[in-house]
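Working notes, structure below.
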Amino acid sequence: MSILSDRVLNMSTSATLAMAAKARELKAEGKDIIGLSLGEPDFNTPDFIKEAAKQAIDDNYNSYTPVDGYVELKDAIITKFKRDNGLHYTLPQIVVSTGAKQALANVAAVILNAGDEVILPCPYWVSYSDIVKVNGGVPVEVKTSIDNDFKLTPEQLEAAITPKTKMIWYSSPCNPSGSVYSQQELRALADVLVKYPNIIVVSDEIYEHINFVGDHASMAQFPDMFDRTVTVNGVSKAFAMTGWRIGYIGAPAEIARACNKMQGQVTSGANCIAQRAVIAALNASPSKVKYMIDEFKERRSLILGLLNEVPGFKTNEPEGAFYVFPDVSYYFGKTIQGVTINNASDFSMCLLEHANVATVTGDAFGNPKCIRISYAASQEQIIEAVKRIKTLLS
Ligand code: PMP
Ligand code: GLU
């Protein structure tokens, strides 16, 4: 019998982090691995943000912060929500956490009772399912189709709702599919949800600025959804600040208060220097980070063009984030370099072992036919990676 809890024994290891660790390990052994597994910008944090952090150290920001974040940071978040999203939150509705990941974990912990269902349109971000399960919830995966750009339809949403449905979680722009819900598409989903007033929506908008098609739409923008939507965001992606670990929510005050209470017993406030730096990040105009978005857009065209030439890859056109999520089921049942490919995990491992390219299996995102390729890598790396994949498969 294991000394460990059923809770952790029943939990999967984060596939994105596991693949990144494996790629790192192989690199350390001297292998020439191209890592396209981790969703992490390859840019440096912008200088104006780094300066704010240095200043905070010199100004002796070294104490515990309020559990839910410095008031100045929460003010900057309120300003950001108003400026970028037309959302009008007040101070008691904001909680700053150690990454959007902790923000999501808080929400699950304060809302779910054992057996409560959470609708997860597939593909979903890797950690949603395990965060829900570890908090006693039951993930209800709803398959979407590549032909509908991997978006949930109102009919699918309504069919998945049961008396036990407590929440729906989705990301837009979506990790891993890159799909972006338009305002009309969100409204159509909201029209279903208004019939079920007890369901809370968790709208993960961490890729908000990495959007190649235009305006970002938020579920909370609809007055009839504002009081039941938790808007999750953070600085990891658009500001190239993954390691700084700051995320936040705007939420109904009752939920925010509960997250504050939960966090106060688990981690306390997020890192003080990182919080000061994020004040500078959020008070700046989003145009300050546009050079990174422009580069991601170029890489998207590059990788889509290159993948088009790989036989057997079927890919939707991502409208945001920095991933492509090709369906590779064409290769299932085939043998590559002596390895029989039965599923996306086999395929992803085969790319790692025989092409030295790290990707992530779609199983981890609730779609076992696809793999996720992150194009948060240099254009040279993208070109070389697809060349290796093409050579292996031909
Ligand atoms: N949500 C999505 C959709 C993500 O891709 C990530 C990736 N890290 C997170 C949340 C968590 O972000 P972080 O904890 O770095 O703020
Ligand atoms: N969100 C990123 C990804 O999906 C970072 C890794 C993680 O936190 O899982 O790759």
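Residue numbers run from 1 in the order of the sequence given. Both counts, for ligands and for their atoms, begin at 1 and track the order of listing. Values reported hereafter were calculated over all heavy atoms of this structure, with side chains retained and with hydrogens, waters and symmetry mates removed.
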Practice task
Measure the distances from the heavy atoms of Ser127 to every atom of ligand 2 and state whether one is below 4.0 angstrom.
Solution key: no
Practice task
Please say whether Tyr128 places an N or O atom under 3.5 Å from an N or O atom belonging to ligand 1.
Solution key: no
Handout entry: Numbered atoms of ligand 1 (with element) below 4.0 Å of Ser236, judged on heavy atoms
Key = 13 (P), 15 (O), 16 (O)
Handout entry: Carboxylate-amine/guanidinium proximity below 4.0 Å for Asp68 and Lys74
Key = yes
Problem - Asn175: numbered ligand 1 atoms lying under 4.0 Å from its heavy atoms - result: 3 (C), 4 (C), 5 (O)
Practice task
Pick, from Lys237, Arg372, Met19, Lys101, the option with the minimum heavy-atom distance to atom 2 (C) of ligand 2.
Solution key: Lys237
Problem - Nitrogen or oxygen atoms of Ala100 and ligand 1 under 3.5 Å apart - result: yes
Practice task
State, with a plain yes or no, whether a side-chain heavy atom of Ile341 is found less than 4.5 Å away from one of Lys334.
Solution key: no
Exercise for the section: Indicate yes or no: does an N/O atom of Gly39 lie under 3.5 Å from an N/O atom of ligand 2? Expected result: yes
Problem - Atoms of ligand 1, numbered as shown, that sit under 4.0 Å from any heavy atom of Ile206 - result: 1 (N), 2 (C), 3 (C), 4 (C), 12 (O), 16 (O)
Practice task
Give the residue and atom name of whichever protein heavy atom lies nearest to atom 11 (C) of ligand 1, and the separation in Å to one decimal.
Solution key: Trp125 CH2, 3.6 Å
Practice task
Could you tell me which non-hydrogen atom of Met292 sits nearest to which non-hydrogen atom of Ala238, and how far apart they are?
Solution key: CE-O, 3.4 Å
Problem - Mode of Leu38 contact toward ligand 2 - side chain, backbone, both, neither (heavy atoms, under 4.0 Å) - result: both
Exercise for the section: Answer yes if the ring centres of Phe296 and Phe212 are under 6.0 angstrom apart, and no otherwise. Expected result: no
Handout entry: Mutual orientation of the aromatic rings belonging to Trp125 and Tyr128 [parallel < 30°, tilted 30-60°, perpendicular > 60°]
Key = perpendicular
Practice task
Could you tell me whether some N/O pair between Asp204 and ligand 1 is separated by less than 3.5 angstrom?
Solution key: yes
Handout entry: Close side-chain approach of Thr231 to Leu87, heavy-atom, < 4.5 Å
Key = yes
Completion exercise
Going by the 4.0 angstrom heavy-atom rule, the piece of Gln102 near ligand 1 is neither
Exercise for the section: Examine Tyr248 together with Phe81 and report whether their ring centres are nearer than 6.0 Å. Expected result: yes
Handout entry: Distance filter under 4.0 Å to Arg245 heavy atoms, resulting ligand 1 atoms
Key = 13 (P), 14 (O), 15 (O)
Practice task
Show which atoms of ligand 1 fall inside a sub-4.0 Å distance from at least one heavy-atom site of Tyr207.
Solution key: 3 (C), 4 (C), 5 (O)
Practice task
Report yes if some N/O of Ser171 lies less than 3.5 Å from some N/O of ligand 1; otherwise report no.
Solution key: no
Exercise for the section: Over all heavy atoms of both residues, which pair between Ala277 and Ala53 is shortest? Give the atoms and the distance, please. Expected result: CB-CB, 4.0 Å
Practice task
Fit a plane to each ring of Tyr375 and Phe322, take the angle between them on a 0 to 90° scale, and name the class: parallel (under 30°), tilted (30 to 60°) or perpendicular (over 60°).
Solution key: perpendicular
Problem - Pairwise side-chain contact, Tyr70 with Cys272, heavy-atom cut-off 4.5 Å (strictly under) - result: yes
Handout entry: atom 9 (O) of ligand 2 - nearest protein heavy atom and its distance
Key = Thr16 OG1, 2.6 Å
